[in-house]
Structures are given as structure tokens and as C-alpha cells.
Amino acid sequence: MAGRFGGNWHGIIGGTSNLGRVSAKLTQSMNQVSGQFTFQDLVTVPVSADVDATVNGSLIDGNLNNVRPLLPGGAAPLAPHVRLPRTGRILGMIDDDGKRITGFWYTDAQTSGGFILSRS
């Protein structure tokens, strides 16, 4: 079914050392999905990433690119010990009614975890 992954999503994300919220705005055309993920990390800083993914039935497999911090205007730069990822991957599955995506993620900063998204 074309477009099952398209739309606005929100949920929770857990990982190597933290927990937070995640939102995604995705567009689907045939078996290609693109858009943006925003992670509101409760430990470091919120980040945003571009997503480019492929859909195969109920599965989504994609890359997270251009990961960048969302620092408010005038905020101090990140502490030297904070290492943000630059790229990552997501692997997920949409449920039968198209209202929830569950999956896993990992990054080039040696972090990984799981996520649950619900359609907004």
C-alpha cells in the first residue's frame, strides 16, 4: 500500500545511555521514504536528522544523514566530551493498521537503541 509510512509521527526513543522523545515528518512515494527525524534527548541536546529510506511491505530500512544539534539562538557550543553522531540507520516495522512503527536505530557514534512511533 503506497504511503503507509508517510505522515507525521511521534513517540519515544531509548538508547545506549539515554531516553527521549522522537518525532518524524515523512513523505512516501512508491517504496521510497524521505523526511526528517527530530530527537529530543533528555541527556545531551536535541538533534535533527534527514532520513532516506526504502520500504519493503511493512518494513522500513533507512539512513539518517546530516545529524545536527538544535541549539537555541545564543546557546553555548557543545562541551568537548559530547560526541554527536553524523550518520545512522533505522530499521522498523509498521503494524497492520498503519498506526505504529517499532524499530531499532544505530549511529556512527557507537550509540544504538529502539523506538516506537505513533501516527500523529
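Reckoned from all heavy atoms, side chains included, excluding hydrogens, waters and symmetry mates. The structure presented is a predicted model; accordingly, all values stated were derived computationally and were not measured. The chain is numbered in sequence order, starting from 1.
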Backbone N/O of Asn65 and side chain of Asn63: donor-acceptor pair under 3.5 Å: no
Pair up each side-chain donor or acceptor in residues 49-58 with any protein partner under 3.5 Å, not counting sequence neighbours, and list the distances.
unit_1: Asp50; atom_1: OD1; unit_2: Arg68; atom_2: NH2; d: 3.3
unit_1: Asp50; atom_1: OD2; unit_2: Asn66; atom_2: ND2; d: 3.3

For Ile12, the rest of its hydrophobic cluster, which grows through side-chain links under 4.5 angstrom: Ile116
Side chain proximity check, Gln36 to Ser48, heavy atoms < 4.5 angstrom: yes
Sequence neighbours excluded, every pair satisfying salt bridge (charged side-chain N to carboxylate O under 4.0 Å, His left out) that has a member inside residues 102-111: Arg86-Asp108
For Arg100, all residues meeting salt bridge (Lys or Arg N to Asp or Glu O under 4.0 Å), sequence neighbours excluded: none
Phe5 vs Ile94, side-chain contact (heavy atoms from CB on, under 4.5 Å): CA-CA, chis, key distance, verdict: CA-CA 8 Å; Phe5 287 88; Ile94 197 166; 3.7 Å; yes
Ile90 and Phe37: CA distance, side-chain angles, deciding distance, side-chain contact (heavy atoms from CB on, under 4.5 Å) verdict: CA-CA 11 Å; Ile90 58 163; Phe37 272 57; 3.8 Å; yes
His10-Ser23 side chain donor-acceptor pair, cut-off 3.5 Å: no
Reported CG-to-CG distance for the pair Asp95 and Leu117, which is rounded to 0.5 angstrom: 11.0 Å
Sub-4.5 Å side-chain heavy-atom contact between Phe39 and Val67: no
CG-NZ distance between Asn8 and Lys25, expressed to the nearest 0.5 angstrom: 5.5 Å
Pairing residues for Thr107 by the side chain to side chain donor-acceptor pair (under 3.5 Å) criterion, not counting sequence neighbours: Thr111
Flag, side chain of Trp105 to backbone of Gly92, donor-acceptor distance under 3.5 Å: no
Pairing residues for Gln32 by the side chain to side chain donor-acceptor pair (under 3.5 Å) criterion, not counting sequence neighbours: none
